[in-house]
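Heads up, the thing below is written out as structure tokens.
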Amino acid sequence: ALASAQEDTKRSKPSATVFPPFEFGTTSNTATTTTSTTTTTALPTTESQNNTSTAAPTTTLTPTTTASNSTTADPTTANTTTAAPTTPTPPANLTVGNYTLKSEKGLCLMAQLALQIRVEDTGKTGVFIVQPVQTHVKGGCEKSTANLTLTFKEGFITFMFNKNTTQNAVYVDTVSFSLSYPLISGDNGKMSLPYVAKNGSLDLFLAKVGHSYSCKSESVFMGKGLYLDITQDRIQAFNITKEWDFGTSDPCPADRPADYRVAIAVGIVLLILIIIVVVAYLLSRRKRSDGYQSL
């Protein structure tokens, strides 16, 4: 009877190997809960404990919860940060550049100067400073003329030199520039890019032939609110004997020392006139007194 009872219990408990294979591959949460309940209600036999240990791999299906879309939202935030536009700003350091021109006979022009283009439009002011490290020299020299053109990514500046042998002088008679960099922000500005200007009635950088021109600071009005500011300049065109060996400096009027000779001469003349008037007055008084007799 005991043996028959054991055989009945063995027949009522199905083996773990007869479970259909699809139950191990199901992704539903209900399947995992039913397997957990069957393991708790199993008889405390060593065979059932072994069966519960083989049913444990059903818990490996839990990584399916990592398929959430929360991680896919990160690229959207990355795009928002990289999409911010960058606005260029003009360089802020005023730097002196060294520029030279050569002809077939050798060096014909030397220039040391700092340049900036200034725009004044509807009460606003914008400044573009030329950077020598980003500037290239073009142009050439003839017998009595020279063309110095400084080019950069945003535009160019051109100086036309003229040698006048009659006046024994060298000077710049024409300055022109073009700038494509926006300097005035907002919709109130009247000017549009590029900023183009030309002034052909100048006596700029005036110096004697064989001399150099120097000035601490000067500004050239180009018309329509456009200016070319020149700082710490020393320039010589033609009759150059040695590279970077400037001739005698002819300073600009603003840098020349005050000349008091004219004022002294005018003062002396006025003093002489005053003395003459006083002497003439005294002589006229004396003649009057001699013409009358006292009673």
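Everything quoted here is computed from the prediction, not taken from an experiment. Only heavy atoms go into these numbers, but all of them, side chains included; no hydrogens, no water, no symmetry mates.
Contact check for Trp244 versus Gln112: side-chain heavy atoms found under the 4.5 Å cut-off. Side-chain contact between Lys163 and Asn239: present, with at least one pair of heavy atoms (C-beta onward) separated by less than 4.5 Å. For the pair Phe156/Thr158, a side-chain contact is recorded, criterion being any heavy-atom separation below 4.5 Å from C-beta on. Taking 4.5 Å as the limit, some side-chain heavy atom of Val119 sits within range of a side-chain heavy atom of Leu226. Phe159 is not listed as a side-chain neighbour of Ser176, based on a closest heavy-atom distance of 4.5 Å or more.
For the residue pair Gln131 and Thr95, the shortest heavy atom distance occurs at OE1-OG1, 4.0 Å. Closest non-hydrogen pair, Leu206 versus Ala169, comes out as CD1-CB, 3.7 Å. Of all heavy-atom pairs spanning Gly200 and Thr174, the tightest one is CA-OG1, 3.7 Å. Smallest separation of non-hydrogen atoms from Ala237 and Leu109: CB-CD1, 3.9 Å. Heavy atoms only, all atoms of each residue included: Asp233 and Tyr213 are closest at OD2-CE2, 3.5 Å. Contact record, Pro194 with Ser178: CB-OG, 4.0 Å, taken as the closest heavy-atom pair.
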Check the pair Glu218, Phe205 against side-chain contact (heavy atoms from CB on, under 4.5 Å), reporting the backbone distance first and the verdict last.
-> CA-CA 10 Å; Glu218 54 190 328; Phe205 307 150; 3.6 Å; yes

Worked verdict on Gln116 versus Val130 for side-chain contact (heavy atoms from CB on, under 4.5 Å) = CA-CA 6 Å; Gln116 69 177 19; Val130 177; over 6 Å; no

Between Phe152 and Phe128, is a ring pair (Phe, Tyr, Trp, His ring centres under 6.0 Å) present by the stated rule, with each step listed?
-> CA-CA 12 Å; Phe152 35 90; Phe128 178 85; 5.6 Å; yes

Where do Val175 and Met160 land on the side-chain contact (heavy atoms from CB on, under 4.5 Å) test, with the steps shown first?
-> CA-CA 6 Å; Val175 175; Met160 297 297 297; over 6 Å; no

side-chain contact (heavy atoms from CB on, under 4.5 Å) evaluation trace for Leu228 with Ile157 | CA-CA 9 Å; Leu228 179 63; Ile157 301 174; 4.0 Å; yes

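Taking OG1 of Thr100 as the reference point, atom CD1 of Ile240 lies at 9.0 Å (rounded to 0.5 Å). Note that CG of Leu113 and OG1 of Thr231 are 8.5 Å apart. Values are rounded to the nearest 0.5 Å. Atom CG of Asn98 and atom OG1 of Thr135 lie 12.0 Å apart (nearest 0.5 Å). One finds the OH atom of Tyr227 at 12.0 Å from the CG atom of Asn199 (value rounded to the nearest 0.5 Å). Atom CD1 of Ile117 sits about 8.5 Å away from atom CE of Met222, to the nearest 0.5 Å. Once rounded to the nearest 0.5 Å, the distance linking CG of Leu148 with CE of Met110 reads 12.5 Å.
Both Phe238 and Val209 belong to a single network of hydrophobic side chains, linked directly or stepwise wherever heavy atoms of I, L, V, M, F, W or Y lie under 4.5 Å apart. A chain of hydrophobic side-chain contacts below 4.5 Å, direct or via other Ile, Leu, Val, Met, Phe, Trp or Tyr residues, connects Ile264 to Ile272. Hydrophobic clustering places Leu193 together with Tyr181 (ILVMFWY residues linked when any side-chain heavy atoms are closer than 4.5 Å, directly or through intermediates). In the hydrophobic clustering of ILVMFWY residues, with side-chain heavy atoms under 4.5 Å counting as a link, Val220 and Val196 come out apart. Side-chain heavy atoms closer than 4.5 Å link hydrophobic residues (I, L, V, M, F, W, Y) into clusters, and following such links, even through other members, never connects Ile129 to Val133.
A donor and an acceptor atom, one from each side chain of Tyr171 and Asn162, are located under 3.5 Å apart. Remark: the Asn147 side chain and the Lys138 side chain contain no N/O donor-acceptor pair separated by less than 3.5 Å. Checked by atom type, the side-chain pair Asp250/Thr248 shows no donor-acceptor distance below 3.5 Å. Side-chain polar atoms of Ser214 and Arg234 form no donor-acceptor pair below 3.5 angstrom.
With hydrogens and angles disregarded, a donor-acceptor distance shorter than 3.5 Å links the side chain of Ser103 to the backbone of Gly106. Listed for the Asn164 side chain is a donor-acceptor partner under 3.5 Å among the backbone atoms of Gln167. Of the possible donor and acceptor atoms, none in the side chain of Gln232 sits under 3.5 Å from a partner among the backbone N and O of Ser217. Remark: the backbone N or O of Gly139 is not paired with any side-chain donor or acceptor of Thr149 at under 3.5 angstrom.
Among residues two or more places apart in sequence or in another chain, the salt bridge (Lys or Arg N to Asp or Glu O under 4.0 Å) test is passed with Asp229 by Arg118. Shown here are the side chain to side chain contact (heavy atoms under 4.5 Å, CB included) partners of Glu142, two or more places apart in sequence or in another chain: Thr145.
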